[in-house]
Undergrad: 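The structure follows.
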Amino acid sequence: MQSFEGVIYLALYYGALALTAYALVDALIRPATGFVAAGKLTKPAWAAITALATLVVFWQGPMSFLGLPAIIAAVVYLVDVRPAVRGLRRGGTSW
């Protein structure tokens, strides 16, 4: 039987891992032209940032020295970049 703190840490670990993995998958499926049209970093840059964030959380956990910046990077992608890229339709116009 695990302690309460262990259960909380596992929940944080899997939640952070799911968050960063979701950001990575979303960055990979968005069209590359949308990133440039929205005035954000390029698709390969965001794919690399979110992939690195996922690997850091997977290897070191969310409570490590690099874990918090990794989670912050994924959150920045999800709340800033994703809505801007998602709002663009094919052809570069927004509706």
Side-chain angles (χ1 to χ4, degrees):
M1 184 143 224
Q2 288 193 0
S3 66
F4 179 71
E5 292 86 11
V7 172
I8 295 296
Y9 182 78
L10 278 177
L12 284 173
Y13 175 78
Y14 287 120
L17 189 61
L19 177 86
T20 55
Y22 177 72
L24 172 61
V25 169
D26 190 77
L28 291 175
I29 64 170
R30 300 286 169 202
T33 56
F35 289 85
V36 176
K40 305 298 180 184
L41 288 175
T42 62
K43 179 179 180 169
W46 277 110
I49 290 168
T50 54
L52 185 62
T54 303
L55 290 175
V56 165
V57 170
F58 180 72
W59 282 331
Q60 297 183 355
M63 304 302 285
S64 67
F65 179 71
L66 295 175
L68 185 59
I71 293 169
I72 290 171
V75 169
V76 165
Y77 172 80
L78 291 173
V79 301
D80 182 39
V81 178
R82 182 177 185 261
V85 174
R86 188 175 180 205
L88 298 174
R89 301 289 183 237
R90 292 186 188 254
T93 60
S94 61
W95 295 86

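These figures come from a predicted structure and were not determined experimentally.
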Undergrad: Just distance, no hydrogens or angles: give the donor-acceptor pairs under 3.5 Å from side chains in residues 64-73, sequence neighbours left out.
TA:
unit_1, atom_1, unit_2, atom_2, d
Ser64, OG, Gln60, OE1, 3.4
Ser64, OG, Gly61, O, 3.1
Ser64, OG, Gly67, N, 3.0

Undergrad: According to a 4.5 Å side-chain heavy-atom criterion applied to Ile, Leu, Val, Met, Phe, Trp and Tyr, with indirect links allowed, do Trp59 and Val56 form part of one hydrophobic cluster?
TA: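 Trp59 does not cluster with Val56.
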
Undergrad: When you compare the side chain of Val76 with that of Ile49, does any pair of heavy atoms fall below 4.5 Å?
TA: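 SC-SC contact between Ile49 and Val76 ruled out.
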
Undergrad: Are Tyr22 and Val25 linked, directly or through other ILVMFWY residues, by side chains that come within less than 4.5 angstrom of each other?
TA: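 Not linked; separate clusters.
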
Undergrad: Can you name the residues that form a side chain to side chain contact (heavy atoms under 4.5 Å, CB included) with Ala48, not counting sequence neighbours?
TA: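 Testing Ala48 for side chain to side chain contact (heavy atoms under 4.5 Å, CB included), a comparison that skips the adjacent residues, returns none.
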
Undergrad: Please, which pairs that meet salt bridge (Lys or Arg N to Asp or Glu O under 4.0 Å) have at least one residue in residues 45-55, sequence neighbours excluded?
TA: none

Undergrad: So which pairs with a foot in residues 47-63 pass salt bridge (Lys or Arg N to Asp or Glu O under 4.0 Å), sequence neighbours left out?
TA: none

Undergrad: Is Val85 reachable from Leu41 through a run of hydrophobic residues whose side-chain heavy atoms are each under 4.5 Å from the next?
TA: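 Yes, Leu41 connects to Val85 through the hydrophobic network.
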
Undergrad: Without placing hydrogens or testing angles, list every side-chain donor-acceptor pair under 3.5 Å for residues 29-38, not counting sequence neighbours.
TA:
unit_1, atom_1, unit_2, atom_2, d
Arg30, NE, Asp26, OD1, 3.3
Arg30, NE, Asp26, OD2, 3.3
Arg30, NH2, Asp26, OD1, 2.9

Undergrad: Hydrophobic cluster membership, with links at side-chain heavy-atom distances under 4.5 Å among I/L/V/M/F/W/Y: are Met63 and Val7 in one?
TA: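 Shared cluster, no.
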
Undergrad: Among all residues two or more places apart in sequence or in another chain, which pass the salt bridge (Lys or Arg N to Asp or Glu O under 4.0 Å) test with Lys43?
TA: none

Undergrad: What donor-acceptor contacts under 3.5 angstrom involve side-chain atoms of residues 8-21, with partners at least two apart or in another chain?
TA:
unit_1, atom_1, unit_2, atom_2, d
Tyr13, OH, Phe58, O, 3.0
Thr20, OG1, Ala16, O, 3.0
Thr20, OG1, Leu17, O, 3.1

Undergrad: Keeping to residues at least two apart or across chains, list the salt bridge (Lys or Arg N to Asp or Glu O under 4.0 Å) pairs with something in residues 67-81.
TA: Lys40-Asp80

Undergrad: What residues form a side chain to side chain contact (heavy atoms under 4.5 Å, CB included) with Ala27, not counting sequence neighbours?
TA: Thr50, Tyr77

Undergrad: Please write out which residues are connected to Leu28 in a hydrophobic cluster, directly or through intermediates, given that two of Ile, Leu, Val, Met, Phe, Trp, Tyr count as joined at side-chain heavy-atom separations below 4.5 angstrom.
TA: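 Answer for Leu28: Leu24.
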
